[in-house]
Every structure is written in C-alpha cells, then in structure tokens.
Amino acid sequence: MTDEVADVVATLKQGGVKGRDVAKKRKLVVVMVGLPARGKSYLSVKLAYYLNWIMMPTQIFNLGKYRRKLLGPNSPAQFFSPDNIEGFNQRKDLCKKAMMDIVKYFEEKNGAVAILDATNTTRARRFYIRDFLGQYGIKTMYVESVCENDEQIRNNILQVKVNIPDYKESTVADAVADFRERIEFYRLSYEQMSVDTDGQLSFIKMVDVGRYFVMNTISDYLQMRISRFLLSLHLEPRAIYISRHGESMCNTEGKIGGDSPLSPNGRLYAKKLHEFMEEENLPDLRVWTSSLMRTIETAQYFDEIESWKALDELDAGLCDELTYSQVENDFPEVYEQRKRDKYFTRYPRGESYADVVQRLEPRILDLERNQNSVLVICHQAVARCLLCYFQTKSNLANELPYMPVDLHTVYKITPIPYGNLIEVFPLGVDAVNTYVPREMTSSEASSPLLQRQEKLGIRRSKVIQMSSNDSEHLLHEVSNDSDATMDDLERQRSARVSASSSSGNLTPTPSALRNISTASSNEAKKVAVDNNTSSNNDGDDDDDGMSSVA
C-alpha cells in the first residue's frame with residue numbers, strides 16, 4: 001500500500017468516508033395561502049420533493065386530508081359557507097390538530113420543514129398560526145398563490161378537482177358546480193396578503209405561478225433557498241430530455257470515471273441521438289453537456305452546446321479509472337462502506353451521491369426556470385440524480401444510487417398536473433451494461449467487460465406517469481385516534497407556559513406532546529404506469545370562515 005493510500009485509509013477510519021451533513025434543527029413551517037384551485041397543492045408537492053431531494057426532511061400537512069379522514073369525504077359547498085358556524089368550528093379544530101401534529105413532527109421525527117397546505121385566506125388565521133407555532137420556537141413563512149387566469153382555474157378544476165374523493169359519486173357537471181360554489185364562499189372572506197397589512201410576516205406572493213412575485217421579510221438562508229426555488233417555477237409547456245453520453249472506451253474496459261473518448265458504438269449513438277432530436281422538431285432546443293470529453297463528443301452534431309462542470313460525473317477521486325475489483329482490493333473499507341451506504345459514502349478524495357445532488361441544485365433551478373426544451377447529456381450518477389428529482393421516490397438515499405439508467409437511451413420528461421410523464425426511448429445502438437446491482441459478487445466485479453445491453457429498436461419502451469398518488473409519502477398520515485381532545489391539548493400547553501414562566505424559562509417544552517398519537521408517514525413506493533391519472537392531493541379547501549380564529 002502506498003503512503004498516499006495509507007494516508008487516505010487513516011482518514012477514512014476517522015469518519016471521513018461519509019459526506020453526510022449534520023442537519024440543523026431549523027423548524028420552519030411553510031403556510032400556503034390562496035383560494036381553492038390556485039395550485040397550492042401543486043406548489044406544496046413540488047417544494048416538498050425539492051427540499052427532500054436536497055436532504056431537508058419535509059412533510060405536507062394537508063387540511064383537506066384531515067377533513068376527509070376525521071369528518072368523512074362528503075362535504076358539500078355549504079360546509080365552507082361563512083354562515084356555517086358548525087363547519088367553521090370544525091375547520092378550526094382541524095387546523096389545531098394539524099399544528100399539534102406539526103409540533104410532534106419536529107420533536108419526534110427531526111423534521112426540518114413542514115408545509116401546511118390549506119387556504120388560510122383570512123388575516124386572523126395567518127397571525128393565529130404564526131403565534132401558535134411561535135410558542136414552540138417554530139418559524140413561519142407564507143406562500144400565497146394568486147391566479148388571475150380564468151382558463152387555468154377552469155383547467156385545474158376539470159383536470160384535478162373533479163377527481164378528489166369529495167366527488168366520487170358526483171357527475172363532472174355537479175362536481176364543477178359544487179366546487180365553484182365552494183370557491184365563491186371562500187372569496188367572501190378572502191384577504192390577500194400585502195406589505196401594508198401583513199408586513200410582520202415573511203411571505204412570497206406568486207401571481208399566475210411566475211408572472212410576477214412580491215416578497216416580504218425573507219429573513220434567513222432556508223427561506224431564501226425556498227424563495228429561489230419558487231421563483232424558478234412556471235407552467236409553460238416544454239420537455240426535458242436526459243441521456244447519458246455514448247459508450248466510452250473506459251466503459252468497454254469496465255473502468256470507473258475517466259475522461260476517455262467514445263468507442264465506435266458511442267460515436268454511432270451520437271449520430272442517432274442527433275437524428276432522434278431532429279425528429280422531435282424543437283427549434284429552440286438547448287443542449288447541455290458536462291465538461292468531459294465523452295459528453296462533448298456525444299453532442300458533436302448539434303450546432304450549439306453549453307458545457308457545465310456541474311454536470312460532470314461523480315468524482316471517484318483516487319479510484320478514478322479503476323475497475324470495481326481494483327477498488328475492492330486497494331480500498332476495501334470504501335468498497336464495503338459503499339455497499340452499506342452508497343448515497344452518503346465518498347470515494348477517497350472524491351465525491352458521494354449526496355455531494356453530486358448539492359452541486360446539481362443550481363442546474364435543477366435552471367431546468368425549472370427554462371421555458372424552452374433542454375437536452376441534458378451527462379453521466380450515470382448525474383442522470384440518476386436528475387431523474388430522481390422528477391420522480392417522487394419515497395426513500396431517496398436508498399433508491400437513487402441503484403436507479404437503472406442505460407447507455408444509448410433517451411429519457412423524455414414532460415410536466416403534467418401534479419407530476420411528470422417520463423418516456424423511455426432506447427435508440428437501438430449496442431452498448432455495455434454498466435449497471436452495478438446492490439449486491440455484486442466478486443466474480444461480477446472482476447469482469448472488465450460487463451454484459452452487453454439488449455439491442456432494441458428506436459421506439460418508446462416504457463411510460464412512467466408520476467401522479468399525485470406517487471406523492472403520498474410526502475403527506476403526513478392523519479390519525480383519527482387521539483389521547484387528548486383539542487381542549488386538553490390547549491390546557492396542557494397553557495400549563496407548560498405557566499410552569500416555564502414561573503421557572504424563568506419562557507420557552508415551552510414540546511416534548512410533553514409525545515402522548516398524542518399519530519400514524520407514521522406512508523413510505524410505500526407507488527409507481528403508476530400508462531394511464532393512472534387519479535388525484536387525491538387537492539388540499540386547498542379547508543380552513544377559514546369569516547370569524548376570527550384567535
């Protein structure tokens with residue numbers, strides 16, 4: 001073993017093998033604001049998955065889900081009338097329960113961000129939420145979605161709202177009429193956010209998802225990060241194409257990384273890729289590559305390309321251009337640690353998948369912000385990170401490093417309501433299979449040339465449609481059991497505040513909330529194939545009435 005390798009192994013033994021960040025307890029609640037059918041749940045899911053993708057644990061607390069779980073799925077428009085005192089009191093109790101669940105989420109599950117997905121249309125409700133959560137040291141940030149585009153509202157109702165459980169037994173016409181009546185009831189009490197009236201609150205106001213924005217008192221790093229993401233979103237139709245580079249010479253030799261040129265098959269794929277994109281007929285297509293030779297050669301037939309170092313392959317450090325068997329022999333601790341925790345384990349003097357996600361974040365924001373179609377020619381680890389962003393994986397760290405992304409294949413991503421349509425196009429050019437399964441035997445690792453991929457014609461081989469069902473794991477699982485009534489919880493809170501004040505400690509103790517039962521979040525992975533378009537994530541119909549909540 002060389003001195004250099006011995007030095008690295010010593011560092012690994014001191015814990016340097018992991019690139020895991022120690023998460024700070026930020027405790028931020030993003031409170032959605034706006035009339036029904038204004039895209040609040042869409043924004044909630046987009047934001048939740050972005051934050052989880054960058055390893056900021058986030059859950060959505062959807063008041064529509066609370067209502068359906070605890071009061072039943074059939075709530076006619078009159079339930080939301082400002083004159084319905086019973087309905088108002090029920091919605092008030094649901095909001096309290098959701099906030100107590102949020103406190104438990106931060107205390108017991110070490111969450112970083114919670115998203116309260118509801119209308120929150122009155123000023124009294126918004127200040128009540130701030131004051132209630134503030135007692136537990138939890139900061140709030142408000143995101144108001146205003147839509148002035150009647151056609152967009154109509155499309156949202158027809159494409160999403162008529163499919164929610166409330167209208168399971170209704171005709172489309174009856175569902176549309178009832179939901180529009182629901183909107184009008186909310187409009188009676190709606191107080192839009194403004195700097196003059198809500199100046200004490202941190203908020204971002206979005207009009208028509210990107211037409212213009214108003215920001216007020218965005219005060220810390222996490223709020224700025226969230227605002228920057230939301231400012232990148234829009235609803236313009238476009239497609240994103242992701243492809244690995246053509247087969248490289250290092251691929252044919254079973255080597256990790258490197259900066260080798262394309263193999264003969266890789267050069268053929270470069271031609272096929274250009275022909276495929278020509279048939280897509282995208283005059284304003286942007287083509288992105290990494291700074292490495294094999295992606296630039298793959299893009300050689302396009303007139304203009306943009307090379308980004310952020311798209312470079314995961315840096316294997318001292319293991320670059322080694323085979324997996326050589327890594328196992330020379331760096332056995334690294335090899336074994338990557339088998340146990342591939343997402344967070346860094347190569348010696350290299351990167352982990354977690355590091356790649358962090359450096360890809362600005363490119364993700366560019367992809368979201370860009371209104372033209374983009375072709376991204378990149379590498380296996382980078383393609384996995386990008387594709388994982390567009391698929392709502394329930395266990396990112398466990399699934400991302402093992403996502404199959406074949407060479408000589410194009411992945412076309414088209415945004416659709418509450419999800420993405422992902423089409424997979426193998427372009428019919430032979431290539432080695434570089435996929436390493438979760439448990440690779442020594443004989444597999446020692447083979448310098450892995451098996452060839454099946455040769456397929458240029459056709460769509462698979463369609464993965466990510467719908468709202470695939471986002472269920474982001475939503476807090478509502479429990480209809482409770483060890484205490486809401487009044488009991490309020491008395492417990494008051495007692496803690498009184499006890500803390502008498503002892504000189506003005507900060508309440510959230511750990512006392514642990515006797516409140518709640519269900520764990522649903523971590524089941526659901527993949528909808530072909531035409532699964534059902535939607536259960538409406539969430540923007542349950543909270544405010546005319547009365548003050550405080």
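The figures that follow rest on heavy atoms only: side chains count, while hydrogens, waters and symmetry mates do not.
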TODO: Provide the closest heavy-atom pair for Met215 versus Leu231 in the form atom of the first, atom of the second, distance.
DONE: SD-CD1, 4.0 Å
- [ ] Compare all side-chain heavy atoms of Val382 with those of Leu314 and state whether any distance is below 4.5 angstrom.
- [x] no
TODO: Looking only at non-hydrogen atoms, find the nearest pair between Ser194 and Phe203 and report the distance.
DONE: C-CZ, 3.8 Å
- [ ] Mind checking the CE-CZ spacing from Met32 to Arg38? Nearest 0.5 Å is all I need.
- [x] 13.5 Å
TODO: Measure across Lys40 and Ser145 and return the closest heavy-atom pair with its distance rounded to 0.1 Å.
DONE: CG-CB, 4.1 Å
Open item on the list: With a 4.0 Å cut-off on N to O distance, would you call Arg123 and Glu191 a salt bridge?
Closed with: yes
TODO: Decide yes or no on side chain to side chain contact (heavy atoms under 4.5 Å, CB included) for Val29 and Ile102, but give the supporting numbers first.
DONE: CA-CA 8 Å; Val29 176; Ile102 286 172; 3.7 Å; yes
- [ ] Using modelled atom types only, decide if a donor and an acceptor are shared between the side chain of Asn420 and the backbone of Ile422 within a distance under 3.5 Å.
- [x] no
Open item on the list: Looking at Glu313 and Arg294, is there a salt bridge between them, counting it only when a charged N and a carboxylate O are closer than 4.0 Å?
Closed with: no
- [ ] Answer yes or no: is there a donor N or O on one side and an acceptor on the other, between the side chain of Gln59 and the main chain of Ala114, under 3.5 Å?
- [x] no
TODO: Output, in order, the C-alpha distance, side-chain angles, deciding distance and verdict of side chain to side chain contact (heavy atoms under 4.5 Å, CB included) for Tyr411 and Val405.
DONE: CA-CA 9 Å; Tyr411 297 80; Val405 184; 3.8 Å; yes
Task: Row check, Tyr136 ring normal vs Lys27 NZ/CZ: under 6.0 Å, within 45° - done: no
TODO: Verify, without hydrogens or angle tests, whether Asp341 (side chain) and Gln337 (backbone) share a donor-acceptor contact under 3.5 angstrom.
DONE: no
TODO: In sequence, state the C-alpha distance, the side-chain angles, and the governing distance for Phe61 and Tyr105, and then conclude on ring-ring contact (aromatic ring centres under 6.0 Å, His included).
DONE: CA-CA 10 Å; Phe61 293 76; Tyr105 166 67; 5.7 Å; yes
TODO: Compare all side-chain heavy atoms of Leu360 with those of Tyr389 and state whether any distance is below 4.5 angstrom.
DONE: no
TODO: Measure across Asp320 and Gly258 and return the closest heavy-atom pair with its distance rounded to 0.1 Å.
DONE: OD1-N, 2.9 Å
Open item on the list: With a sphere of 6.0 Å drawn around CD of Glu304, does it hold more than 12 non-hydrogen atoms of other residues, nucleotides or ligands?
Closed with: no
Open item on the list: Please check: side-chain N/O of Arg286 versus main-chain N/O of Ser373, any donor-acceptor pairing under 3.5 Å?
Closed with: no
TODO: Taking Asn216 for its side chain and Val195 for its backbone only, find out whether a donor-acceptor pair lies under 3.5 Å.
DONE: no
Open item on the list: Does Asp208 form a side chain to side chain contact (heavy atoms under 4.5 Å, CB included) with Gln152? I'd like the steps, not just the answer.
Closed with: CA-CA 9 Å; Asp208 295 336; Gln152 185 62 46; over 6 Å; no
Task: Tyr49 side, atom OH; Thr58 side, atom OG1 - distance, nearest 0.5 Å - done: 12.0 Å
Open item on the list: Quick one: does any side-chain atom of Tyr435 pair with a main-chain N or O of Tyr402 as donor and acceptor, under 3.5 Å?
Closed with: yes
TODO: Find the distance between CG (Asn370) and OG (Ser232) and round it off to the nearest 0.5 Å.
DONE: 11.0 Å
- [ ] State, yes or no, whether a side-chain contact exists between Tyr343 and Met55 at a heavy-atom distance under 4.5 Å.
- [x] yes
Open item on the list: Ignoring hydrogens and geometry beyond distance, is a side-chain donor-acceptor pair present between Asn398 and Arg438 at under 3.5 Å?
Closed with: yes
Task: Side-chain heavy atoms of Leu201 within contact of Phe127, under 4.5 Å - done: yes
Open item on the list: Looking at Gln223 and Ser219, would you say the former's side chain and the latter's main chain have a donor-acceptor pair under 3.5 Å?
Closed with: yes
Task: Any side-chain heavy-atom pair of Cys378 and Ser290 under 4.5 Å - done: no
Task: Thr298 side chain near Thr289 side chain, heavy-atom distance below 4.5 Å - done: no
Open item on the list: Counting C-beta onward and ignoring hydrogens, is there a side-chain heavy-atom pair between Tyr353 and Arg384 closer than 4.5 Å?
Closed with: yes
- [ ] Using modelled atom types only, decide if a donor and an acceptor are shared between the side chain of Glu306 and the backbone of Trp288 within a distance under 3.5 Å.
- [x] no
TODO: Report the C-alpha distance between Leu233 and Leu43 in whole Å, list the side-chain angles of each, state the deciding distance to 0.1 Å, and finish with yes or no for side chain to side chain contact (heavy atoms under 4.5 Å, CB included).
DONE: CA-CA 9 Å; Leu233 301 180; Leu43 293 173; 3.7 Å; yes
TODO: Measure the CZ-CG distance between Arg68 and Leu94 for me, rounded to the nearest 0.5 Å.
DONE: 11.0 Å
Open item on the list: Using a 3.5 Å distance criterion without hydrogens, assess whether the side chain of Arg359 forms a donor-acceptor pair with backbone atoms of Asp312.
Closed with: yes
- [ ] Determine the minimum heavy-atom distance between Ser227 and Ile218, stating which atoms define it.
- [x] OG-CG2, 3.7 Å
Task: Point-to-point distance, once rounded to the nearest 0.5 Å, from CZ of Arg369 to NE2 of His234 - done: 9.5 Å
Task: From Leu70 atom CG to Lys97 atom NZ, the distance as rounded to the nearest 0.5 Å - done: 6.0 Å
Open item on the list: If you compare all heavy atoms of Ala98 against all heavy atoms of Leu63, which two are closest, and at what distance to 0.1 Å?
Closed with: CB-CD2, 3.5 Å
Task: Test item: Asn120 side-chain N/O and Arg126 main-chain N/O as donor-acceptor pair under 3.5 Å - done: no
- [ ] Could you tell me whether Lys139 and Asp220 have a side-chain N and a carboxylate O separated by less than 4.0 Å?
- [x] yes
Open item on the list: Is it true that Arg130 and Tyr142 share a donor-acceptor pair across their side chains at a distance under 3.5 Å?
Closed with: no
- [ ] Quickly, which of Lys46, Arg363, Arg228 forms a salt bridge (Lys or Arg N to Asp or Glu O under 4.0 Å) with Glu368? Name it, please.
- [x] Lys46
Open item on the list: Less than 4.5 Å apart, side chain to side chain, heavy atoms only: is that true for Leu386 and Ile364?
Closed with: yes
